[in-house]
Trainee: 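Here it is: the structure, laid out below.
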Amino acid sequence: MNRAVARLRSLPLRSRLALLVTTAVAVAVAASAVACWFLVRDVLYESLDDTLRQNRVDGDLVAEMARQGECKASGPVVSYPNPGSRVLKLTIQVVNPEGERCVIGGEPLKVTPSDIAVATGRSSDTSHDAKTSDGTDYRVLTYPLEHYKGAVTVGRPLAEVHSTLSNLTLLLALVAGVGVVGAGAAGLWVARTGLRPVDELTGTVEHVARTEDLTVRIPADGDDEIARLSRSFNAMTAALASSQERQAQLIADAGHELRTPLTSLRTNIELLARSEETGRAIPAEDRKALLASVKAQMTELAALIGDLQELSRPDESGRSGKVEVVALHTVVRTAIDRARLRGPELSIEGELAPWYVRAEAPALERAVVNVLDNAVKFSPPGGRIDVRLDRGELTVRDRGPGIPEDELPHVFDRFWRSPSARSLPGSGLGLSIVARTVQQCGGEVSLRRAEDGMGTVAVIRLPGAPTPPPDTPTTAR
């Protein structure tokens, strides 16, 4: 059995489908043929029984002949009392209660217990198959005599029935064979026609695997499973192509962003090295400025590399931290303290209502810090930043120059920087990290111009989590 299943699985899908269709049709045809054979047999037997009942011999005549001894116990007699029985080839015999037979005409039939039951009065009548002494099959009807103790058995050969059933068997076998062959051909045609889209899909997949050409698309007409599979494949290749394009763009943008601090570092270091090689000392103030520039460029380079590492992680499985219940108000308060250190001349006011979320604490803190750093960066000296947290909605509003309406759709793109902000430090990845982190937490983030036209309003909405018990420490930094 296991070998048969393994052999079936080793066949191509087209062959398996054709084989299954052929097998199903063959079983259905065979079942129909068998049912038809038994139905015809029952009808023939019922018709034969009706014929025997319609040709019952006269009971008084049979009883009189039996009393006068005009019958034999083991063979036919010359005189035949019922001329109609010759035409129907009937056998007539009398059976007494002791099971002895008295043949009136025809071939003697073997007496069965059911015949004796009728002769003794224990049964009204019976129909069954019987055999003669030479093995010929008969269909018999046994019924009691009215004026004689015993029963009469009337039998008719089953040769006609057997001949009809034999012819029917040959006919059904022929029809079943033709049906199975036709089913096999139809199954093969159906398999080829039905699997043609699968062949096209397979060819396309092999082409993509061989050439890495993600622009290939499969025609997807209709709403069947093959069309759905084709549309899914097209969506997958489109997503892969988009991912590949974003990856290439990320590498190009990263290279462009890395080139600026590296070029500045190289220039400053070459100046310092040339001073050492030539023995011409650089003035102390200039040397201090060069070292400060080198330190600033290294800090910017390290921040850029950190941002790239953050964005290179997968959306879900690549998380490095543990997702847990985090006190968002505590995270925002910590971020405000850090922002005050970076902008000591700014006024940062916070109005924070308690709110708990499920998130990765370090990533969430980094996202909030990025939003506040962005506000600090664009705020004028002596400006004010308002931070408000109410029922999961964090609002950060600065009084900077604001973002033009045509630039708002691009603020969360990687490496995108406003033309007015290209002179300021930064890599253009901060808001991309914010959008990614908020989406991972199931929230949403948006930026808009302030209603009075001065400054930008950043809004982060995060779904809440069950409030932990009072004695349970919450994650916060």
Side-chain angles (χ1 to χ4, degrees), residues 307 310-311 313-316 318-340 348-379 384-400 402-414 416 418 426 428-468 474-477:
D307 291 341
E310 176 68 22
L311 289 175
R313 293 190 305 163
D315 289 341
E316 296 295 337
R319 288 179 172 177
S320 59
K322 179 181 178 182
V323 177
E324 53 192 340
V325 177
V326 180
L328 180 59
H329 51 282
T330 305
V331 172
V332 176
R333 187 176 298 112
T334 303
I336 290 176
D337 295 338
R338 294 176 59 177
R340 286 171 177 161
I348 303 178
E349 301 295 334
E351 183 180 347
L352 310 178
W355 190 257
Y356 296 88
V357 298
R358 289 189 59 83
E360 181 184 338
L364 181 61
E365 182 177 339
R366 179 172 184 148
V368 176
V369 168
N370 284 349
V371 173
L372 288 174
D373 282 349
N374 202 61
V376 170
K377 185 191 304 182
F378 291 98
S379 294
R384 176 180 174 181
I385 299 176
D386 295 328
V387 182
R388 186 171 182 267
L389 176 61
D390 182 27
R391 290 178 292 184
E393 182 175 286
L394 174 64
T395 305
V396 179
R397 190 262 171 93
D398 61 54
R399 267 72 177 180
I403 303 176
E405 292 291 340
D406 59 338
E407 296 181 3
L408 285 176
H410 307 287
V411 293
F412 296 107
D413 295 344
R414 296 176 180 178
W416 187 89
S418 174
L429 295 177
L431 291 180
S432 298
I433 296 175
V434 172
R436 173 193 171 105
T437 303
V438 172
Q439 290 173 1
Q440 287 178 346
C441 297
E444 56 184 13
V445 58
S446 62
L447 260 69
R448 68 174 186 269
R449 290 180 60 86
E451 295 180 357
D452 56 5
M454 294 299 296
T456 302
V457 179
V459 180
I460 297 177
R461 298 180 182 87
L462 294 174
T467 305
T474 57
T475 303
R477 292 186 179 183

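Count residues from 1 along the sequence.
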Trainee: Do the non-hydrogen side-chain atoms of V331 and V357 ever get within less than 4.5 Å of each other?
Mentor: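 Sidechains of V357 and V331: no contact.
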Trainee: Under a 4.5 Å cut-off applied to non-hydrogen side-chain atoms, are D337 and R340 in contact?
Mentor: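 Counting from C-beta outward, D337 and R340 do come under 4.5 Å.
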Trainee: By side-chain contact (heavy atoms from CB on, under 4.5 Å), which residues pair with R338, not counting sequence neighbours?
Mentor: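 Result, side-chain contact (heavy atoms from CB on, under 4.5 Å) vs R338: R342, E365, V369.
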Trainee: Indicate the atoms forming the closest heavy-atom contact of V434 with A367, along with that distance.
Mentor: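 Nearest heavy atoms, V434 then A367: CG2-O, 3.3 Å.
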Trainee: Residues in side chain to side chain donor-acceptor pair (under 3.5 Å) with R358, at least two apart?
Mentor: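 None.
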Trainee: Treating H329 as the side-chain partner and W355 as the backbone partner, does any N or O pair qualify as donor plus acceptor under 3.5 Å?
Mentor: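 Yes, because the side chain of H329 sits within donor-acceptor range (under 3.5 Å) of the backbone of W355.
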Trainee: Got a sec, which residues hit side-chain contact (heavy atoms from CB on, under 4.5 Å) with D398, two or more places apart in sequence or on another chain?
Mentor: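 By the side-chain contact (heavy atoms from CB on, under 4.5 Å) rule, D398 matches A375, S379, I385, T456.
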Trainee: Mind checking what makes salt bridge (Lys or Arg N to Asp or Glu O under 4.0 Å) contact with R449, not counting sequence neighbours?
Mentor: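 Counting only residues at least two positions away or on another chain, R449 forms no salt bridge (Lys or Arg N to Asp or Glu O under 4.0 Å).
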Trainee: Using the side-chain contact (heavy atoms from CB on, under 4.5 Å) criterion, which residues pair with E351? Sequence neighbours excluded.
Mentor: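 Residues passing side-chain contact (heavy atoms from CB on, under 4.5 Å) with E351: R388.
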Trainee: Find out whether V396 and L372 are in side-chain contact, i.e. whether some heavy atom of one side chain is under 4.5 Å from a heavy atom of the other.
Mentor: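 In contact.
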Trainee: By side-chain contact (heavy atoms from CB on, under 4.5 Å), which residues pair with E393, not counting sequence neighbours?
Mentor: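 E393 satisfies side-chain contact (heavy atoms from CB on, under 4.5 Å) with T395, V459, R461 once adjacent residues are dropped.
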Trainee: Keeping R384 on the side-chain end and R399 on the backbone end, is there a donor-acceptor pair under 3.5 Å?
Mentor: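 No, because the side chain of R384 does not come within donor-acceptor range (under 3.5 Å) of the backbone of R399.
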